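Order of listing sets the numbers, starting from 1, for every ligand and every atom in it. What you see is a predicted model, and the numbers here were worked out from it, not measured in a lab.
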Amino acid sequence: MTKNNRLTSVLAAVCCLFSAAAMRPAAEIDSCVTELLGRMTIDEKIGQLNQLSGYGYAPEMVTQIKNGSVGSILNEVDPEVVNRLQYEAVENSRLGIPLIFARDVIHGFKTIFPIPLGQAASWNVDLVEEGARIAADEASSVGIRWTFSPMVDISRDARWGRIAESFGEDPVLSGALGVAMVKGYQGDDLSRPNTMAACAKHFAGYGAAEGGRDYNTTWIPEVQLRDTYLPPFKQAADAGAATFMCSFNDINGVPSSGNRYLLRDILRGEWGYDGLMVSDWGSIQQMIPHGYSTDLRQAALQGVNAGVDVDMESYAYIGHLRELIESGELSESDIDPLVANVLRLKYRLGLFDNPYVDMASASRFYAPASLDAARRAVEESAILLKNDGILPIDNDKVRKIAIVGPMADAQHDQAGTWVFDLEKERCVTPLAALKELYGGSDIRYAAGLEYTRDRKTNGFAEAVKAAAKSDVIIYFAGEEAVLSGEAHCRADLSLPGAQSALLRELKATGKPLVLVVQAGRPLAFADDVALADAVVFCFHGGTMTGPALANLLSGKVNFSGRCPVSFPRMSGQVPVYYAGKNTGRPASGITLIDDIPLEAGQTSTGCTSYYLDAGAGPLFPFGYGLSYTSFTYSEPELSASTLSADGSLTVKCTVTNTGSREGSEVAQLYVRDHVGSLVRPVRELKDFRKITLRPGESRQIEFTIIPSQLAFHVDGAKTVVEPGEFSVWVAPDAQSGTPVQFTFVESSEFASK
Ligand code: BGC
């Protein structure tokens with residue numbers, strides 16, 4: 001309290017007086033920023049652009065803070081240290097400008113939610129927003145007011161480890177969930193102390209890394225960049241994401257940290273974005289190994305010119321901006337807008353009013369409601385991929401259960417990637433939850449393998465023995481957390497280690513076999529799927545994975561997760577995604593490798609677009625997922641057979657729960673533009689709705705289609721809708737449904753999508 005009072009008096013001298021109750025109006029913030037900027041020295045300005053990683057209340061850091069040569073700190077999560085460092089900034093630096101403390105809070109801070117790809121499988125925007133709200137409350141309780149999330153990189157290559165952090169392959173789904181996370185983190189009023197500034201990252205095209213190898217180069221034609229990779233970022237900007245982060249990769253030869261076209265022309269110019277752009281960790285410096293900058297000095301110059309406001313851990317700005325200004329290569333007015341962006345964020349966060357963590361309510365973790373939300377998030381994100389009828393496991397009939405596999409009791413690994421603040425003992429595993437749920441049953445546990453990469457088969461015998469004595473086997477396989485995430489890419493997408501070999505031995509017992517996979521990416525595991533009687537796919541689910549899976553396997557809760565990415569049949573098939581082009585020779589008459597006669601003629605396999613060994617299409621399509629009930633869709637009805645530039649169409653479809661229990665279904669609206677001056681994808685998701693229906697209940701869903709939703713880029717920012725035929729589906733996944741047609745009757749141009 002004393003500190004706060006003292007701070008207020010300092011600030012009264014610094015800037016206008018204000019109320020701490022709500023975020024100040026934009027005009028007031030702008031005048032405060034201008035006034036403060038006018039009193040800053042060059043070095044103080046450069047300091048605001050410098051972001052460093054924290055290492056406690058260390059003398060060197062304290063000196064830098066007092067000198068005003070650091071503006072924000074990442075990775076400091078001890079609230080007492082946060083307050084002490086903040087005190088040095090507020091009370092002991094010349095202008096008393098508060099620091100921002102940042103952290104990668106990617107899918108929860110202490111209460112860990114499913115990895116973002118898992119949350120995407122829920123197709124539930126409200127749940128995603130709720131998860132982000134809880135993450136913000138927990139993290140801000142130790143002083144973290146800036147998270148480097150959401151990642152809205154479109155990810156169509158499961159080899160890329162960071163697919164785990166994404167919302168998958170589709171711009172519409174990713175955009176909707178990115179917006180939900182932004183809202184959840186930032187709330188209605190970013191100046192409230194329990195919010196965090198969101199960061200839409202990585203701008204842009206990072207997910208298109210060649211070969212799915214992290215940091216690799218990307219080649220993205222401008223129309224594809226604008227049709228596929230940029231829309232979720234635009235939505236995040238429109239939703240008020242307070243910050244953006246540029247990506248590590250180069251696009252078409254230009255690293256993002258030096259990419260003026262992307263950062264200034266598109267983001268600031270076309271989109272009018274007035275938030276803050278932070279570099280990725282060391283990405284300004286990395287323009288040297290990229291081969292784009294000769295040295296750190298040039299990299300700093302290129303970063304400023306491109307429009308990177310904050311230098312995270314490259315020491316390029318702090319080391320070289322003064323020199324660049326003195327030499328005339330930059331002027332002070334070049335860096336003023338960058339500094340203004342930093343100050344504006346600090347005002348928006350209310351840090352000038354309220355810089356400290358309130359120790360009385362610090363460390364708000366694991367509230368019952370938060371754990372409940374985390375459990376629901378796993379329940380809605382686990383995908384039932386196959387069920388021959390063995391699920392749900394009926395405790396009255398099935399008394400003996402064998403629990404096998406390296407992921408059954410893997411507290412650490414069920415949390416997934418990017419969990420720097422994980423307390424693994426808080427993770428409830430499937431084994432623990434199933435033991436509790438099936439208390440009266442005879443549960444035999446034998447992991448068989450110690451961890452997912454384990455190749456030792458000496459545990460197999462015990463696992464097979466347990467399986468042979470049971471009525472059902474539940475085999476928990478997957479990937480350890482460390483096998484996905486940043487810089488953790490895989491060229492082979494099968495189950496690692498000897499997991500498939502153990503599955504085959506379990507199958508040989510003849511017992512019903514349920515395969516539950518927890519992983520950070522879709523796997524290519526067609527042979528494993530074929531062996532199992534039921535398959536559940538759960539992207540790493542976090543703290544409450546166990547209770548959620550137990551509820552689903554036992555049928556207490558119904559499955560409603562749907563694939564946010566297409567699952568490949570084989571690794572070599574990637575990238576595989578639903579919104580591909582038809583080609584001039586779409587797959588037909590597929591003859592697979594084992595069916596080709598000896599010495600068959602070269603053209604006898606049909607000369608169409610497919611693999612001899614993997615065929616065409618994915619193992620499981622985008623949008624797919626089963627349930628304990630079943631749904632039917634009526635043929636969609638269009639309000640008209642034509643659409644004009646200023647018109648709209650409604651699409652109605654009745655979904656019926658034809659099974660015997662309540663369930664949730666994700667109705668997906670897809671469109672195809674049959675002929676274009678640039679060929680269009682075979683389908684594009686335009687909207688979706690998750691609904692819950694009682695047994696026998698029908699509900700009519702109504703979607704609206706407006707011309708701008710049909711537009712595609714043809715030249716820079718210009719988008720068009722061309723006259724011609726369109727098909728529309730309302731369907732349970734990207735490969736099914738009955739299309740209906742309409743005609744777009746005139747040509748139409750839009751400024752941007
Ligand atoms: C990652 C970012 C992350 C940053 C800060 C980088 O390595 O690419 O996504 O926000 O580190 O931790």
Salt bridge check, [Y] against [X]: does any charged N sit closer than 4.0 Å to a carboxylate O?
X	Y	result
Asp137	Arg133	no
Arg376	Glu380	no
Asp309	Arg344	no

Counting only nitrogen or oxygen atoms and a 3.5 angstrom limit, does [X] reach ligand 1?
X	value
His202	yes
Tyr206	no
Trp281	no

Name the orientation class of the two ring planes belonging to Phe248 and Tyr215 (parallel below 30°, tilted from 30 to 60°, perpendicular beyond 60°).
perpendicular
[X]: numbered ligand 1 atoms lying under 4.0 Å from its heavy atoms:
X	value
Phe148	10 (O)
Met245	2 (C), 10 (O)
Lys201	2 (C), 3 (C), 9 (O), 10 (O)

What part of [X], side chain from CB on, backbone N/CA/C/O, both or neither, has a heavy atom under 4.0 Å from ligand 1?
X	answer
Met151	neither
Glu165	neither
Arg103	neither

What protein heavy atom is closest to [atom], reported as residue, atom name and distance in Å?
atom	value
atom 7 (O) of ligand 1	Glu486 OE1, 2.8 Å
atom 12 (O) of ligand 1	Asp104 OD2, 2.4 Å
atom 11 (O) of ligand 1	Asp280 OD1, 3.5 Å

Let me confirm one number: the CE-CG distance from Met287 to Leu296, rounded to the nearest 0.5 Å.
9.0 Å
If you look only at pairs with a residue in residues 167-204, which of them pass as a ring-ring contact (aromatic ring centres under 6.0 Å, His included), with sequence neighbours excluded?
His202-Tyr206, Phe203-Phe233, Phe203-Phe244, Phe203-Trp271
Establish, yes or no, whether the cationic atom of Arg103 lies under 6.0 Å from the six-membered ring centre of Phe109 and within 45° of the ring axis.
no
Do Trp418 and Phe113 have their ring centres less than 6.0 Å from each other?
no
